[in-house]
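We use all heavy atoms of the structure for the numbers below, so side chains are in, but hydrogens, waters and symmetry mates are not.
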Amino acid sequence: MNPNQQLIEEFYAGFAAHNPKTMASCYHKDIIFEDPAFGILKGNDVADMWEMLIEKSKGNLKIEFSEVNADSDTGSAQWIATYHFSKTNRKVVNVITAQFEFKDGLIISHTDYFNIWKWTRQALGFSGLLLGWTGFLQEKIRKQAIHSLRVFQEKKLHRDAQRQLED
């Protein structure tokens, strides 16, 4: 197994163990992430997104990964996330294909591909079935995902400031 394959394995092992610090350690400081739910995220937003998703799952997140491949420049993996969507408590089994690019021994680009309509049907139920394929609902999902990330980051900032005061 080459170092980039090991890096992808380490990233998903960290995810499966609900360890966002391990995941973040696999990323280059200039990371660019993209998926259908969040759109494009850069830098610290990427690590914060994973931390938020893990925290929101309250331990009820199962990550499985397979087909990890990589060379010196690019890599890929298949992964499945099984969880209950926090807003509706509906079970979601999301099958994802990930593509990676590497720089300086770290992941510099990470793109996740999944069927957003299938995701909306699982996460939102009937409204997802009817409207999940529309640009309108997909844009609404992205805006809500970014809003949730910003709220999480604000709470994290306050939590970190409080810890510093207590130390």
Quiz item: Any chance the rings of Phe102 and His28 have centres within less than 6.0 Å?
Solution: no

Practice problem: Decide if the gap between the ring center of Phe11 and the ring center of Trp79 is smaller than 6.0 angstrom. | Solution: no

Separation between [atom1] of [X] and [atom2] of [Y], rounded to the nearest 0.5 Å:
X      : Y      : atom1 : atom2 : result
Glu10  : Met23  : CD    : CE    : 11.0 Å
Lys62  : Ser57  : NZ    : OG    : 14.0 Å
Phe152 : Asp45  : CZ    : CG    : 11.5 Å
Gln144 : Leu149 : CD    : CG    : 11.5 Å
Cys26  : Gln6   : SG    : CD    : 11.0 Å
Ser86  : His84  : OG    : NE2   : 12.0 Å

Any side-chain heavy-atom pair from [X] and [Y] closer than 4.5 angstrom?
X      : Y      : result
Asn60  : Thr82  : no
Tyr27  : Ile107 : yes
Thr111 : Ser109 : yes
Tyr83  : Lys56  : no

Got a salt bridge between [X] and [Y], using NZ or NE/NH1/NH2 to carboxylate O under 4.0 Å?
X     : Y      : value
Asp35 : Arg142 : no
Glu55 : Arg159 : yes
Glu51 : Lys21  : no

For a quick check under 3.5 Å, do [X] and [Y] share a side-chain donor-acceptor pair by atom type?
X      : Y      : answer
Gln162 : His158 : no
Gln122 : Asn94  : no
Gln99  : Ser76  : no

On a heavy-atom basis, which atom in [X] and which in [Y] lie closest, and how many Å separate them?
X     : Y      : value
Ala24 : Ala47  : CB-CB, 3.7 Å
Ile8  : Ala70  : CD1-CB, 4.2 Å
Gly59 : His18  : O-CE1, 3.6 Å
Ala98 : Asp112 : CB-OD1, 3.2 Å
Gln78 : Thr97  : OE1-OG1, 3.0 Å

Self-check item: Greater than 12 external heavy atoms within 6.0 Å of Asp30's CG
Solution: yes

Self-check item: NZ/Lys156: more than 12 non-hydrogen atoms of other groups inside 6.0 Å
Solution: yes

Practice problem: Before giving the answer on side chain to side chain contact (heavy atoms under 4.5 Å, CB included), spell out for Ile40 and Lys42 the whole-Å C-alpha distance, their side-chain angles and the decisive distance to 0.1 Å. | Solution: CA-CA 7 Å; Ile40 297 172; Lys42 296 178 181 180; 4.2 Å; yes

I'd like to know if [Y] and [X] are part of one continuous hydrophobic network [Ile/Leu/Val/Met/Phe/Trp/Tyr, side-chain heavy atoms within less than 4.5 Å].
X      : Y     : value
Val92  : Val95 : no
Leu61  : Phe85 : yes
Phe65  : Ile96 : yes
Phe114 : Ile63 : yes

Self-check item: Partner of Phe38 by side chain to side chain contact (heavy atoms under 4.5 Å, CB included), out of Val46, Ile141, Leu53
Solution: Leu53

Exercise. With Arg121 as the cation and Trp119 as the aromatic partner, state whether NZ or CZ is under 6.0 Å from the six-membered ring centre and within 45° of the axis.
Key: no

Quiz item: Do Asp71 and Asn4 pass the side chain to side chain contact (heavy atoms under 4.5 Å, CB included) test, and can you show the C-alpha distance, the side-chain angles, and the key distance before you say yes or no?
Solution: CA-CA 7 Å; Asp71 58 28; Asn4 288 336; 5.8 Å; no

